[in-house]
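The block underneath contains the structure these notes are about, expressed in structure tokens.
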2 protein chains.
Amino acid sequence: MDDNDQPAPPLPSTRTPGATRKGVETRARIIRGALEALESGGMETLTTRKIAASAGVKLATLHYYFDSKENLLLAVLEDLIADMAEAYRQDMSMPSDPEERIEALIRSMWRYVQRTRNKQLAQTELTLYALRTQGAEWLAARQYNAYIDFYCRLVFHGMGELTEEQRKIGTAIARFMLIGIDGLILQNFALHNNGDTNEGVETLVIATRDLLHRLRSEAGIQPG
Amino acid sequence: MDDNDQPAPPLPSTRTPGATRKGVETRARIIRGALEALESGGMETLTTRKIAASAGVKLATLHYYFDSKENLLLAVLEDLIADMAEAYRQDMSMPSDPEERIEALIRSMWRYVQRTRNKQLAQTELTLYALRTQGAEWLAARQYNAYIDFYCRLVFHGMGELTEEQRKIGTAIARFMLIGIDGLILQNFALHNNGDTNEGVETLVIATRDLLHRLRSEAGIQPG
DNA sequence: GTCTATATGGGGATAGAC
DNA sequence: GTCTATCCCCATATAGAC
């Protein structure tokens, strides 16, 4: 995975009951319901009642699967991490040159962000929530490292193994891309002014490609 | 100020009573108390009771100055915007070359962010809150535009008036810097791994300087 | 595993004395 | 302008039948 390795203790008490087929489905429905309610109303107005309603489940059922609201929310965040990889692969063209991959990846991310504005807001809120929740900070870190690892691989391969050199360069690239995307998300949220934000995307593409150049010449150039 | 101009209706009902000297002070104490409580515990655990306690005021007094928790929180966000300019000027060296100013400004921002981690978290939470609050979205936009305007001026002058050309270039630069800083803040929060984040700062400095070059040669070069 | 019904506490907000 | 005391709702969580 990555350098700053996480202890990643299992989520405290998500209470995984029987694991019946039906049980697993219901659990998933509740998580989806929570995400929907969060996307539509934000953290401030998010209640277990709304979540239950949105999931088509009674309040008590929710508590049968998640012993506390907190653990439910952390489960939602975990789920978002898992979804991410799937989502990006959808519309990504896959050039062979890493430089062009960077560009394709950034544009793909940005399209995804734009068509899932509320989901991004929800994810940002959940990440902050995790950072504020005693003993859940590691989840935020895991989320970030998952993104970094994912982008890193996508820059170089279709998903295979990386050389040490590639991993190092790719990680730096991925970190910078992620910085840019997160910043773009916030700015786009606040200004909801897509024209200006698109300029930011172009600038990020150029800056990231330049970074790749720099890192490669520092190492001794060879192509992807 | 900027292109996407805000209507900026006054905050609905902050109930500005008499405006006695003492009243103004108490109001300020409550805002500070709210910020402190927010910094230490986050939105999720922020209650009017904690705010009142943190401000050394009784709950009813809080409601004498702010008719609702919502309006109090929005007032806190407004206050943060006003503080910002003050804070940055503190430790900024002021080179005459815009390129070096960019570097100095980014480093200054980053120092400030690092020594006020919790304040940044609080501000991010408040911004998201505003984005989620019906009729308060403009506050988030105003905040962003205030930052952009501020950085833009700082890149070129000690604070004086700008030519149209400078304003245009400066705004693009400021937007990109802000994207980078926001992304850095989130990444640093999540990974709290300052070593790696500092690399991101270096990359941002280089990228922003390059952006300045590019914008200038697109326009017809002339220095600061 | 899912429900109805309920316990319990804490939250925002107000009344009215000083 | 600040306080004490209180209202009342709604949130999380549980008990226990089905």
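The figures that follow rest on heavy atoms only: side chains count, while hydrogens, waters and symmetry mates do not. All values reported here derive from a predicted model rather than from experimental measurement. Numbers restart at 1 for each chain; the letters A, B, ... are given by sequence-line order, proteins then strands.
Look at B/T48 and you'll find a side-chain N or O under 4.0 angstrom from OP1 or OP2 of C/dG12. Using a 4.0 Å cut-off, no side-chain N or O of A/H63 falls inside it from OP1 or OP2 of D/dT14. Between C/dG12 and B/K69, a contact under 4.0 Å exists linking OP1 or OP2 to a side-chain N or O. Contact between the side-chain N/O atoms of A/T61 and the OP1/OP2 oxygens of C/dG1 is not found at any separation under 4.0 Å. Side-chain N/O atoms of A/T26 include none lying less than 4.0 angstrom from OP1 or OP2 on C/dG1. Residue B/Y65 places at least one side-chain N or O closer than 4.0 Å to OP1 or OP2 of D/dT2.
If you take CG of B/L73 and C1' of C/dG11, they are 14 Å apart, rounded to a whole angstrom. Rounded to whole Å, atom P of D/dT2 lies 13 Å from atom CZ of B/R27. Between the P atom of C/dT6 and the NZ atom of A/K58 lies a distance of 15 Å, rounded to the nearest Å. The distance between atom CE of B/M43 and atom P of C/dG12, rounded to the nearest whole Å, is 12 Å. To the nearest angstrom, C1' of D/dG16 lies 15 Å from CG of A/L59. Across the protein-nucleic acid pair, B/F66 atom CZ and D/dG1 atom P stand 13 Å apart, rounded to whole Å. Atom C1' of nucleotide C/dG10 and atom CD1 of B/I51 are separated by 15 Å, given to the nearest angstrom. In this structure, the CD atom of A/E70 is 19 Å from the P atom of D/dA11, given to the nearest Å.
If you find the closest nucleotide of DNA chain D to B/A60 and to B/G23, the one lying nearer the 5' end belongs to B/G23.
Note on A/R132 versus B/E125: salt bridge recorded, some NZ/NE/NH1/NH2 to OD/OE distance being below 4.0 Å.
You'll find the side chain of A/E202 stays beyond 4.5 Å of the side chain of A/E103, heavy atoms only.
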Worked verdict on B/T197 versus B/N194 for side chain to side chain donor-acceptor pair (under 3.5 Å): CA-CA 5 Å; B/T197 313; B/N194 283 333; 4.9 Å; no
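If you check C/dG11, D/dT2, C/dC3 against the side chain of B/K22, the one that comes closest is D/dT2. When distances run from any side-chain atom of B/Y64 to the nucleotides D/dA13, D/dT14, D/dT2, the shortest one goes to D/dT2. Comparing C/dG12, D/dA11, C/dG1 by their nearest atom to the side chain of B/T47 picks out C/dG12.
Minimum heavy-atom separation, A/A37 to A/S54: N-OG, 4.1 Å.
Under the 3.5 Å distance criterion, with hydrogens and angles disregarded, no donor-acceptor pair is assigned to the side chains of A/E70 and A/T133.
Below the 3.5 angstrom threshold, one finds a donor paired with an acceptor across the side chain of B/R49 and the base of C/dG12.
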